[in-house]
Enquirer: 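Handing you this structure, nothing more for now.
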Amino acid sequence: MHRSAKRLASLLTCAAVPVLLVAGCSGSDGKSSGDSTPSGSSSAASSPSPTVAAAKFKKLPNPCEAFSKDTINKLLPKVKDAAGSQGKSTDTASRGACSWSSSDDQGVDGTQFRWLDVAFQRYDSDPTIGSGEKRATDFYTQQVNDAKATQGAKKVAAVPTAGTGDAATAISYDVNKEDNDFKNTTIVARTANIVVTVNYNGAGMAGADTPNGNDLLKAAQAAAKEAVTTATKANQG
């Protein structure tokens with residue numbers, strides 16, 4: 001068959017194919033019109049946004065209500081202000097602190113001084129930083145290390161404290177201030193995304209005996225356990 005006749009027959013055959021298949025017919029140059037791909041038709045799938053577990057606790061208790069009245073009276077004989085002195089905070093849902101002090105004048109036997117404070121720190125979850133629990137764990141570790149590195153501290157000892165949140169450490173040490181020997185105990189505890197730090201110290205002044213360090217330690221451990229319970233209850237209901 002003549003070349004022109006063959007070309008005409010090919011075109012007529014292609015025309016008889018249903019429209020959906022026309023793109024597969026070959027043109028005169030032998031190339032398929034279905035080989036071309038529209039520019040920009042494929043794109044890389046966008047990466048999913050990072051996610052972290054939601055923080056367990058959403059609020060903090062009033063720090064000056066961390067302890068019962070009985071605890072305050074036991075740890076601070078002749079407390080100056082049982083209501084405590086609340087620290088300033090620009091975000092009471094994330095941080096809060098309160099402190100108490102007492103001076104028990106025993107006449108010629110001198111004066112027994114006591115100090116107690118508690119601080120709460122709560123962390124929210126943040127996809128760019130980490131979960132609230134991870135952030136609290138990091139802060140917990142920092143607080144323990146800071147207590148161990150207290151300036152002028154002597155006879156530093158750190159021991160785990162059981163039954164107090166998810167983790168707790170008690171750090172005890174001696175410090176001399178203004179010719180007075182202070183026995184100090186710091187308890188750092190973490191419950192989920194909240195870190196509780198309790199400081200309790202005492203000294204015998206004006207000739208009074210230095211308090212027993214083990215007694216202070218046990219009292220501080222009990223206080224820390226109570227503060228952790230208070231933080232948990234604040235998020236119930």
Side-chain angles (χ1 to χ4, degrees), residues 56-89 91-107 109-122 136 140 143 147 159 161-172 175 177 180 182-206 208-237:
K56 181 178 180 179
F57 296 130
K58 304 300 182 183
K59 56 185 178 180
L60 292 177
N62 180 332
C64 291
E65 297 177 356
F67 310 114
S68 68
K69 291 182 179 179
D70 287 343
T71 296
I72 294 297
N73 290 329
K74 181 179 179 180
L75 271 63
L76 302 145
K78 297 186 179 180
V79 61
K80 291 182 178 180
D81 183 0
S85 176
Q86 187 165 345
K88 294 182 180 180
S89 175
D91 184 1
T92 56
S94 296
R95 63 189 65 86
C98 193
S99 62
W100 300 259
S101 65
S102 71
S103 295
D104 186 4
D105 187 350
Q106 300 176 351
D109 292 326
T111 300
Q112 286 292 336
F113 173 82
R114 297 291 185 273
W115 171 275
L116 172 69
D117 68 54
V118 62
F120 293 94
Q121 180 76 36
R122 188 187 67 84
Y140 165 83
Q143 287 289 85
V159 295
T161 295
T164 307
D166 296 309
T169 301
I171 304 96
S172 58
V175 173
K177 296 180 180 179
N180 292 302
F182 282 79
K183 293 289 184 179
N184 296 263
T185 295
T186 297
I187 312 291
V188 184
R190 181 186 66 80
T191 176
N193 57 310
I194 293 177
V195 176
V196 181
T197 304
V198 172
N199 290 296
Y200 183 49
N201 62 64
M205 300 179 173
D209 293 335
T210 300
N212 185 289
N214 287 332
D215 291 343
L216 295 185
L217 172 60
K218 292 177 182 178
Q221 288 174 318
K225 186 174 183 178
E226 185 176 345
V228 168
T229 299
T230 301
T232 301
K233 289 181 177 180
N235 286 272
Q236 294 176 345

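Note that the numbering runs from 1 along the sequence shown for the chain.
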Enquirer: Work out which heavy atom in Asp104 is nearest to a heavy atom in Pro77; give both atom names and the distance.
Expert: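 Between these two residues, the closest heavy atoms are OD2-CB, 4.1 Å.
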Enquirer: Can you give me the closest heavy-atom contact between Ala227 and Phe120, atom names plus distance?
Expert: O-CE2, 3.6 Å
Enquirer: Is Glu226 reaching over with its side chain to a backbone N or O of Ser68, donor-acceptor style, under 3.5 angstrom?
Expert: yes
Enquirer: Just to verify, which of Thr185, Thr186, Asn184 counts as forming a side-chain hydrogen bond (donor to acceptor under 3.5 Å, both in side chains) with Asn199?
Expert: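 Testing Asn199 for a side-chain hydrogen bond (donor to acceptor under 3.5 Å, both in side chains) against Thr185, Thr186, Asn184 leaves exactly one candidate, Thr186.
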Enquirer: Starting at CG of Leu60, measure out to CZ of Arg95 and round the result to the nearest 0.5 Å.
Expert: 9.5 Å
Enquirer: side-chain contact (heavy atoms from CB on, under 4.5 Å) for Phe67 and Leu116? Distances and angles first, verdict last.
Expert: CA-CA 11 Å; Phe67 310 114; Leu116 172 69; 3.8 Å; yes
Enquirer: Return yes when atom CG of Asp105 has more than 12 non-hydrogen atoms of other residues, nucleotides or ligands closer than 6.0 Å, and no otherwise.
Expert: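 Enclosed: over 12 neighbouring heavy atoms sit under 6.0 Å from CG of Asp105.
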Enquirer: Ignoring hydrogens and angles, state whether a donor on the side chain of Ser89 or Thr92 is under 3.5 Å from an acceptor on the partner side chain.
Expert: no
Enquirer: How far does OG1 of Thr191 sit from CZ of Arg122, to the nearest 0.5 angstrom?
Expert: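 That separation rounds to 13.0 Å.
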Enquirer: So which atom in Ile187 and which in Ala220 form the shortest heavy-atom distance, rounded to 0.1 Å?
Expert: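 What the structure gives for the nearest pair is CG1-O, 3.7 Å.
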Enquirer: Once you round to the nearest 0.5 Å, how far does CH2 of Trp100 lie from CH2 of Trp115?
Expert: 10.0 Å
Enquirer: For Lys218, I'd like to know if atom NZ has over 12 heavy atoms of other residues, nucleotides or ligands within 6.0 Å.
Expert: no
Enquirer: Would you compute the distance between atom CE of Met205 and atom NZ of Lys177 and round it to the nearest 0.5 angstrom?
Expert: 9.0 Å
Enquirer: Is any side-chain heavy atom of Pro211 closer than 4.5 Å to one of Gln112?
Expert: yes
Enquirer: What closest approach, in Å, do Thr169 and Thr161 show between heavy atoms, and which atom pair accounts for it?
Expert: C-OG1, 4.1 Å
Enquirer: Decide yes or no on side-chain contact (heavy atoms from CB on, under 4.5 Å) for Gln221 and Thr164, but give the supporting numbers first.
Expert: CA-CA 8 Å; Gln221 288 174 318; Thr164 307; over 6 Å; no
Enquirer: Look up atom NZ in Lys183 and atom CG in Leu216, then write down how far apart they are to the nearest 0.5 Å.
Expert: 8.5 Å
Enquirer: State, to 0.1 Å, how close Phe57 and Thr232 come at their nearest heavy-atom pair, and which atoms those are.
Expert: CZ-OG1, 4.2 Å
Enquirer: Would you say the side-chain atoms of Tyr200 pair up with the backbone N or O of Ala223, donor to acceptor, closer than 3.5 Å?
Expert: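 Looks like no, no N/O pair under 3.5 Å.
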Enquirer: Can you see which heavy atom on Lys225 is nearest to which on Gly163, and at what distance?
Expert: CE-O, 3.3 Å
Enquirer: Given side-chain contact (heavy atoms from CB on, under 4.5 Å), test Asn201 with Phe113 step by step and report yes or no.
Expert: CA-CA 8 Å; Asn201 62 64; Phe113 173 82; 4.1 Å; yes
Enquirer: Please report the interatomic distance OG1(Thr230) to CG(Asn235), rounded to the nearest 0.5 Å.
Expert: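 Going from the OG1 atom of Thr230 to the CG atom of Asn235 covers 11.5 Å.
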